[in-house]
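Since the structure comes first, as C-alpha coordinates, the remarks are kept for the end.
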Amino acid sequence: MFRITLDTIPRKHVFEREDRYGVMVNGRQVDELYFNLSGYRGALMTPHGNRFDVGERGISTWRKLAADINREAKALNRIVSLSEMKFSSIQPTVDGDVVKLDFHSDSQVQETIYVTRRAAQAGLELLGYDGLCPEFFPVEDRRDARVAPESERICGWQDSVGNTRFVLDVFETDDPEVLGIAVGYVPSVSLKLAQDGAFGSDWDCSDLKTHFGRDWSDGVDRMVFVDKDAFNDLKRRHERNFMKASHLPGHGILSAYGEVFSPIITSSGQRPSVKMNAGDVEMYREAITDSALRIAPDHEEKSPELT
(Lines give C-alpha, C1' and ligand atoms only; values in the text may rest on other atoms or scores of the structure.)
Protein backbone atom coordinates (compact mmCIF):
# COMPACT_ATOMS: atom_id res chain seq x y z
CA MET A 1 0.00 0.00 0.00
CA PHE A 2 2.66 2.54 1.06
CA ARG A 3 6.41 2.36 1.21
CA ILE A 4 8.82 5.25 1.58
CA THR A 5 12.49 4.96 0.62
CA LEU A 6 15.49 7.30 0.39
CA ASP A 7 17.32 6.80 -2.90
CA THR A 8 20.51 8.55 -3.99
CA ILE A 9 19.85 11.04 -6.80
CA PRO A 10 22.23 13.16 -8.93
CA ARG A 11 23.75 16.21 -7.28
CA LYS A 12 22.55 19.52 -8.64
CA HIS A 13 25.75 21.54 -8.22
CA VAL A 14 29.35 20.84 -9.22
CA PHE A 15 30.74 21.72 -5.78
CA GLU A 16 28.36 19.54 -3.75
CA ARG A 17 30.30 17.00 -1.71
CA GLU A 18 27.42 15.23 -0.01
CA ASP A 19 24.88 12.99 -1.73
CA ARG A 20 21.31 14.09 -2.35
CA TYR A 21 18.47 11.68 -1.61
CA GLY A 22 15.13 11.41 -3.32
CA VAL A 23 12.20 10.81 -0.99
CA MET A 24 10.32 8.09 -2.84
CA VAL A 25 6.76 6.91 -2.17
CA ASN A 26 6.05 3.61 -3.90
CA GLY A 27 8.95 4.36 -6.25
CA ARG A 28 7.91 7.92 -7.12
CA GLN A 29 9.92 10.93 -5.93
CA VAL A 30 7.85 13.34 -3.83
CA ASP A 31 10.65 15.37 -2.24
CA GLU A 32 14.40 15.36 -1.71
CA LEU A 33 16.91 15.65 1.12
CA TYR A 34 19.89 17.92 0.57
CA PHE A 35 22.87 18.59 2.83
CA ASN A 36 22.83 22.04 4.42
CA LEU A 37 25.38 23.10 7.10
CA SER A 38 25.49 20.19 9.51
CA GLY A 39 22.82 17.81 8.28
CA TYR A 40 20.10 17.11 5.75
CA ARG A 41 16.98 19.23 5.15
CA GLY A 42 13.76 18.24 3.43
CA ALA A 43 10.62 16.31 4.34
CA LEU A 44 9.22 12.78 4.41
CA MET A 45 5.59 11.82 3.77
CA THR A 46 3.08 9.72 5.69
CA PRO A 47 0.39 7.45 4.21
CA HIS A 48 -2.16 10.17 4.96
CA GLY A 49 -0.42 12.72 2.74
CA ASN A 50 1.23 14.75 5.48
CA ARG A 51 4.78 16.05 5.08
CA PHE A 52 7.09 15.35 8.00
CA ASP A 53 9.98 17.79 8.52
CA VAL A 54 12.26 17.24 11.53
CA GLY A 55 14.73 19.99 10.74
CA GLU A 56 18.41 19.56 9.98
CA ARG A 57 19.44 15.99 10.82
CA GLY A 58 21.96 13.37 9.78
CA ILE A 59 20.95 10.93 7.06
CA SER A 60 20.86 8.06 9.58
CA THR A 61 18.12 9.92 11.48
CA TRP A 62 16.10 10.40 8.29
CA ARG A 63 16.50 6.69 7.45
CA LYS A 64 15.29 5.71 10.92
CA LEU A 65 12.24 7.97 10.57
CA ALA A 66 11.48 6.46 7.15
CA ALA A 67 11.67 2.98 8.68
CA ASP A 68 9.29 4.05 11.47
CA ILE A 69 6.80 5.39 8.91
CA ASN A 70 7.01 2.13 6.93
CA ARG A 71 6.33 0.06 10.07
CA GLU A 72 3.28 2.18 10.86
CA ALA A 73 2.11 1.91 7.25
CA LYS A 74 2.48 -1.88 7.35
CA ALA A 75 0.39 -2.06 10.54
CA LEU A 76 -2.21 0.23 8.97
CA ASN A 77 -2.36 -2.01 5.91
CA ARG A 78 -3.16 -5.03 8.10
CA ILE A 79 -6.01 -3.12 9.76
CA VAL A 80 -7.40 -1.93 6.44
CA SER A 81 -7.27 -5.44 4.95
CA LEU A 82 -9.55 -6.74 7.75
CA SER A 83 -12.21 -4.04 7.32
CA GLU A 84 -15.70 -5.06 6.21
CA MET A 85 -16.64 -1.51 5.25
CA LYS A 86 -16.74 -0.36 1.62
CA PHE A 87 -16.59 3.14 0.21
CA SER A 88 -19.93 4.60 -0.92
CA SER A 89 -19.57 8.32 -1.65
CA ILE A 90 -17.72 11.56 -1.02
CA GLN A 91 -19.36 14.97 -0.58
CA PRO A 92 -18.04 18.50 0.07
CA THR A 93 -18.88 20.35 3.28
CA VAL A 94 -19.19 24.01 4.21
CA ASP A 95 -15.58 23.77 5.38
CA GLY A 96 -13.54 23.73 2.19
CA ASP A 97 -10.82 21.59 3.79
CA VAL A 98 -13.18 18.83 4.98
CA VAL A 99 -15.19 16.21 3.09
CA LYS A 100 -17.92 13.77 4.10
CA LEU A 101 -17.23 10.08 3.41
CA ASP A 102 -19.95 7.42 3.49
CA PHE A 103 -19.25 3.70 3.87
CA HIS A 104 -21.36 0.55 3.95
CA SER A 105 -20.92 -3.17 4.54
CA ASP A 106 -22.52 -6.26 3.01
CA SER A 107 -24.56 -6.62 6.22
CA GLN A 108 -26.12 -3.15 5.61
CA VAL A 109 -24.09 -1.42 8.32
CA GLN A 110 -23.47 2.23 7.40
CA GLU A 111 -20.85 4.65 8.68
CA THR A 112 -20.19 8.32 7.97
CA ILE A 113 -17.03 10.22 8.84
CA TYR A 114 -15.69 13.70 8.11
CA VAL A 115 -12.00 13.96 7.28
CA THR A 116 -9.54 16.42 5.77
CA ARG A 117 -9.51 16.61 2.00
CA ARG A 118 -5.82 15.76 1.91
CA ALA A 119 -6.30 12.57 3.91
CA ALA A 120 -9.28 11.55 1.77
CA GLN A 121 -7.36 12.07 -1.46
CA ALA A 122 -4.31 10.24 -0.07
CA GLY A 123 -6.50 7.28 0.84
CA LEU A 124 -8.06 7.17 -2.62
CA GLU A 125 -4.63 7.29 -4.27
CA LEU A 126 -3.23 4.47 -2.15
CA LEU A 127 -6.28 2.21 -1.80
CA GLY A 128 -8.63 3.18 -4.62
CA TYR A 129 -12.39 3.32 -4.30
CA ASP A 130 -12.60 -0.43 -3.73
CA GLY A 131 -10.10 -0.44 -0.84
CA LEU A 132 -10.87 2.77 1.05
CA CYS A 133 -12.39 2.21 4.50
CA PRO A 134 -12.95 4.22 7.72
CA GLU A 135 -10.11 2.43 9.52
CA PHE A 136 -7.59 4.12 7.21
CA PHE A 137 -8.19 7.54 8.81
CA PRO A 138 -6.57 8.42 12.16
CA VAL A 139 -8.34 10.49 14.78
CA GLU A 140 -6.24 13.58 14.02
CA ASP A 141 -7.59 13.70 10.44
CA ARG A 142 -11.25 13.52 11.48
CA ARG A 143 -13.38 16.65 11.78
CA ASP A 144 -16.89 17.90 12.53
CA ALA A 145 -18.57 19.61 9.59
CA ARG A 146 -21.83 20.19 7.73
CA VAL A 147 -22.50 19.04 4.17
CA ALA A 148 -22.45 21.96 1.75
CA PRO A 149 -25.68 22.82 -0.09
CA GLU A 150 -25.45 22.52 -3.86
CA SER A 151 -25.28 26.31 -4.21
CA GLU A 152 -22.08 26.39 -2.15
CA ARG A 153 -20.21 23.71 -4.08
CA ILE A 154 -19.20 25.87 -7.03
CA CYS A 155 -15.70 27.34 -7.03
CA GLY A 156 -16.80 30.93 -7.47
CA TRP A 157 -16.95 34.22 -5.66
CA GLN A 158 -19.25 32.83 -2.99
CA ASP A 159 -16.21 30.80 -1.79
CA SER A 160 -13.93 33.82 -1.66
CA VAL A 161 -14.32 34.59 2.02
CA GLY A 162 -13.61 32.52 5.12
CA ASN A 163 -10.84 29.97 5.47
CA THR A 164 -10.19 29.19 1.81
CA ARG A 165 -6.88 30.24 0.26
CA PHE A 166 -6.72 31.36 -3.35
CA VAL A 167 -4.03 32.08 -5.93
CA LEU A 168 -3.57 35.85 -5.70
CA ASP A 169 -0.59 36.47 -7.96
CA VAL A 170 1.79 34.64 -10.30
CA PHE A 171 5.51 35.31 -10.82
CA GLU A 172 8.24 34.02 -13.08
CA THR A 173 11.40 32.75 -11.35
CA ASP A 174 15.01 32.28 -12.44
CA ASP A 175 14.11 28.64 -13.10
CA PRO A 176 12.25 28.62 -16.46
CA GLU A 177 10.26 25.53 -15.42
CA VAL A 178 9.01 26.89 -12.09
CA LEU A 179 6.53 29.65 -11.14
CA GLY A 180 6.22 31.45 -7.81
CA ILE A 181 2.58 31.56 -6.71
CA ALA A 182 1.39 34.02 -4.05
CA VAL A 183 -1.51 32.44 -2.14
CA GLY A 184 -3.73 33.78 0.61
CA TYR A 185 -7.19 35.09 1.43
CA VAL A 186 -9.34 37.22 -0.85
CA PRO A 187 -10.56 40.51 0.73
CA SER A 188 -14.16 40.09 1.85
CA VAL A 189 -15.19 43.24 -0.02
CA SER A 190 -14.72 41.29 -3.26
CA LEU A 191 -17.88 39.27 -2.59
CA LYS A 192 -20.05 42.39 -2.40
CA LEU A 193 -18.49 43.87 -5.54
CA ALA A 194 -18.90 40.61 -7.42
CA GLN A 195 -22.56 40.40 -6.47
CA ASP A 196 -23.02 43.97 -7.67
CA GLY A 197 -21.44 43.11 -11.02
CA ALA A 198 -18.49 45.44 -10.49
CA PHE A 199 -16.19 43.24 -12.57
CA GLY A 200 -16.30 40.22 -14.82
CA SER A 201 -16.00 36.60 -13.75
CA ASP A 202 -13.17 36.18 -16.26
CA TRP A 203 -10.84 38.60 -14.45
CA ASP A 204 -7.52 37.02 -13.53
CA CYS A 205 -5.14 37.83 -10.67
CA SER A 206 -3.58 40.86 -12.33
CA ASP A 207 -7.01 42.45 -12.95
CA LEU A 208 -8.07 41.82 -9.36
CA LYS A 209 -4.80 43.10 -7.91
CA THR A 210 -5.12 46.30 -9.95
CA HIS A 211 -8.71 46.75 -8.76
CA PHE A 212 -8.13 46.07 -5.04
CA GLY A 213 -4.53 47.29 -4.68
CA ARG A 214 -3.18 47.03 -1.15
CA ASP A 215 -6.25 45.15 0.12
CA TRP A 216 -5.40 42.38 -2.36
CA SER A 217 -1.72 42.07 -1.46
CA ASP A 218 -2.49 42.17 2.28
CA GLY A 219 -4.27 38.82 1.87
CA VAL A 220 -1.09 37.02 0.75
CA ASP A 221 0.33 34.82 3.50
CA ARG A 222 2.79 32.56 1.67
CA MET A 223 4.56 31.83 -1.59
CA VAL A 224 4.60 28.36 -3.12
CA PHE A 225 6.51 27.08 -6.14
CA VAL A 226 4.92 24.91 -8.81
CA ASP A 227 5.74 23.41 -12.18
CA LYS A 228 5.01 25.94 -14.92
CA ASP A 229 3.47 23.48 -17.37
CA ALA A 230 1.18 22.04 -14.71
CA PHE A 231 0.00 25.52 -13.73
CA ASN A 232 -0.58 26.48 -17.37
CA ASP A 233 -2.72 23.36 -17.71
CA LEU A 234 -4.79 24.42 -14.70
CA LYS A 235 -5.10 27.96 -16.05
CA ARG A 236 -6.47 26.70 -19.35
CA ARG A 237 -9.08 24.61 -17.58
CA HIS A 238 -10.09 27.45 -15.23
CA GLU A 239 -9.86 29.98 -18.09
CA ARG A 240 -7.93 32.29 -15.73
CA ASN A 241 -5.17 32.06 -13.12
CA PHE A 242 -7.41 32.98 -10.18
CA MET A 243 -8.34 29.68 -8.50
CA LYS A 244 -8.37 27.87 -5.17
CA ALA A 245 -4.87 27.27 -3.85
CA SER A 246 -5.82 23.66 -3.15
CA HIS A 247 -5.86 23.10 -6.92
CA LEU A 248 -2.14 23.72 -7.23
CA PRO A 249 0.03 20.68 -8.02
CA GLY A 250 1.62 19.40 -4.84
CA HIS A 251 -0.29 21.89 -2.70
CA GLY A 252 -3.51 20.87 -0.96
CA ILE A 253 -5.29 17.76 -2.19
CA LEU A 254 -5.97 18.63 -5.81
CA SER A 255 -3.48 19.11 -8.62
CA ALA A 256 -3.39 19.00 -12.39
CA TYR A 257 -3.32 15.24 -11.98
CA GLY A 258 -5.39 15.01 -8.81
CA GLU A 259 -2.54 13.62 -6.73
CA VAL A 260 -1.34 14.17 -3.17
CA PHE A 261 1.88 12.22 -3.65
CA SER A 262 3.35 14.59 -6.21
CA PRO A 263 6.61 16.57 -6.07
CA ILE A 264 6.70 19.81 -4.10
CA ILE A 265 9.44 22.27 -3.21
CA THR A 266 9.53 22.49 0.58
CA SER A 267 12.95 23.78 1.54
CA SER A 268 14.42 27.25 1.05
CA GLY A 269 17.50 25.68 -0.52
CA GLN A 270 15.36 24.29 -3.34
CA ARG A 271 13.52 27.54 -4.06
CA PRO A 272 14.44 29.59 -7.11
CA SER A 273 14.65 33.39 -7.00
CA VAL A 274 11.39 35.20 -7.73
CA LYS A 275 11.26 37.86 -10.45
CA MET A 276 9.47 40.94 -9.09
CA ASN A 277 9.59 44.58 -10.05
CA ALA A 278 10.12 47.26 -7.41
CA GLY A 279 6.40 47.84 -6.97
CA ASP A 280 5.71 44.15 -6.33
CA VAL A 281 8.62 43.92 -3.91
CA GLU A 282 7.15 46.77 -1.89
CA MET A 283 3.60 45.42 -2.12
CA TYR A 284 4.57 41.91 -0.98
CA ARG A 285 7.33 42.88 1.44
CA GLU A 286 5.76 41.10 4.41
CA ALA A 287 5.21 37.85 2.50
CA ILE A 288 8.77 38.04 1.12
CA THR A 289 10.15 38.33 4.65
CA ASP A 290 7.90 35.65 6.16
CA SER A 291 8.67 33.16 3.38
CA ALA A 292 12.41 34.00 3.24
CA LEU A 293 12.14 34.55 -0.50
CA ARG A 294 15.06 35.36 -2.74
CA ILE A 295 14.35 38.09 -5.31
CA ALA A 296 16.10 37.91 -8.67
CA PRO A 297 18.57 40.85 -8.88
CA ASP A 298 17.89 43.81 -11.15
CA HIS A 299 14.56 42.46 -12.32
CA GLU A 300 12.33 45.26 -13.56
CA GLU A 301 9.21 43.54 -14.83
CA LYS A 302 6.78 40.86 -13.75
CA SER A 303 4.87 39.59 -16.75
CA PRO A 304 4.76 35.78 -16.91
CA GLU A 305 3.81 34.54 -20.34
CA LEU A 306 1.39 31.78 -19.45
CA THR A 307 0.08 29.95 -22.46
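Throughout, numbering of the chain's residues begins at 1 and tracks the sequence.
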>> Take a 6.0 Å sphere around CD of Glu84 and say whether it holds more than 12 heavy atoms from other residues, nucleotides or ligands.
In response: no
Between [atom1] on residue [X] and [atom2] on residue [Y], distance to nearest 0.5 Å:
X: Phe225; Y: Leu179; atom1: CZ; atom2: CG; result: 10.0 Å
X: Asn277; Y: Glu282; atom1: CG; atom2: CD; result: 11.5 Å
X: Cys133; Y: Glu111; atom1: SG; atom2: CD; result: 9.5 Å
X: Asp169; Y: Met276; atom1: CG; atom2: CE; result: 7.5 Å
X: Tyr21; Y: Glu18; atom1: OH; atom2: CD; result: 8.0 Å

Between [X] and [Y] (salt bridge meaning N to carboxylate O under 4.0 Å), is one present in this structure?
X: Lys86; Y: Asp130; answer: no
X: Asp204; Y: Lys209; answer: no
X: Lys275; Y: Glu172; answer: no

Okay, side chain of [X], backbone of [Y]: is any donor-acceptor separation there less than 3.5 Å?
X: Glu56; Y: Leu37; answer: yes
X: Asn36; Y: Gly39; answer: no
X: Asn26; Y: Met1; answer: yes
X: Arg20; Y: Ile9; answer: no
X: Asp174; Y: Ser273; answer: yes
X: Asn241; Y: Cys205; answer: yes
X: Thr173; Y: Val178; answer: yes
X: Thr5; Y: Asp7; answer: no
X: Ser83; Y: Val80; answer: no
X: Thr210; Y: Ser206; answer: yes

> Just by distance, with hydrogens left out, do Ser89 and Asp102 show a side-chain donor and acceptor under 3.5 Å apart?
Replying inline: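 Yes - a donor-acceptor pair under 3.5 Å links their side chains.
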>> Assess the residue pair Leu44 and Arg51 against the criterion (side chain to side chain contact (heavy atoms under 4.5 Å, CB included)); give the C-alpha distance rounded to whole Å, side-chain angles, the decisive distance to 0.1 Å, and a yes or no.
In response: CA-CA 6 Å; Leu44 304 181; Arg51 292 185 181 267; over 6 Å; no
> Minimum heavy-atom separation for Ile90 to Ala120, with atom names?
Replying inline: CD1-CB, 4.5 Å
> Taking all non-hydrogen atoms of both residues, which atom of His104 and which atom of Ser88 are closest, and how far apart?
Replying inline: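 Closest approach of His104 to Ser88: ND1-OG, 2.6 Å.
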>> Using 30° and 60° as the class boundaries, would you call the ring planes of Phe137 and Phe103 parallel, tilted or perpendicular?
In response: tilted
> Could you go step by step and tell me if Arg143 and Val115 meet the side chain to side chain contact (heavy atoms under 4.5 Å, CB included) rule?
Replying inline: CA-CA 5 Å; Arg143 301 288 189 272; Val115 301; over 6 Å; no
>> Let's go through Ile59 and Phe35 carefully: what are the C-alpha distance in whole Å and the side-chain angles of both, what is the deciding distance for side chain to side chain contact (heavy atoms under 4.5 Å, CB included) to 0.1 Å, and is it a yes or a no?
In response: CA-CA 9 Å; Ile59 193 62; Phe35 193 83; over 6 Å; no
>> Going by the rule side-chain contact (heavy atoms from CB on, under 4.5 Å), which residues pair with Glu72 if we only count those two or more places apart in sequence or in a different chain?
In response: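 Per chain and number, Glu72 pairs via side-chain contact (heavy atoms from CB on, under 4.5 Å) with no residue.
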State yes or no: are the ring centers of [X] and [Y] separated by less than 6.0 Å?
X: Phe171; Y: Tyr284; value: yes
X: Tyr40; Y: Tyr34; value: no
X: His48; Y: Phe136; value: yes

> Under the side chain to side chain contact (heavy atoms under 4.5 Å, CB included) criterion, do Lys100 and Thr112 qualify, and how do the steps go?
Replying inline: CA-CA 7 Å; Lys100 175 190 176 187; Thr112 296; 3.5 Å; yes
>> Using side-chain heavy atoms (C-beta onward) and a distance below 4.5 Å, is Asn50 in contact with Arg118?
In response: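 Asn50 reaches Arg118 side chain to side chain.
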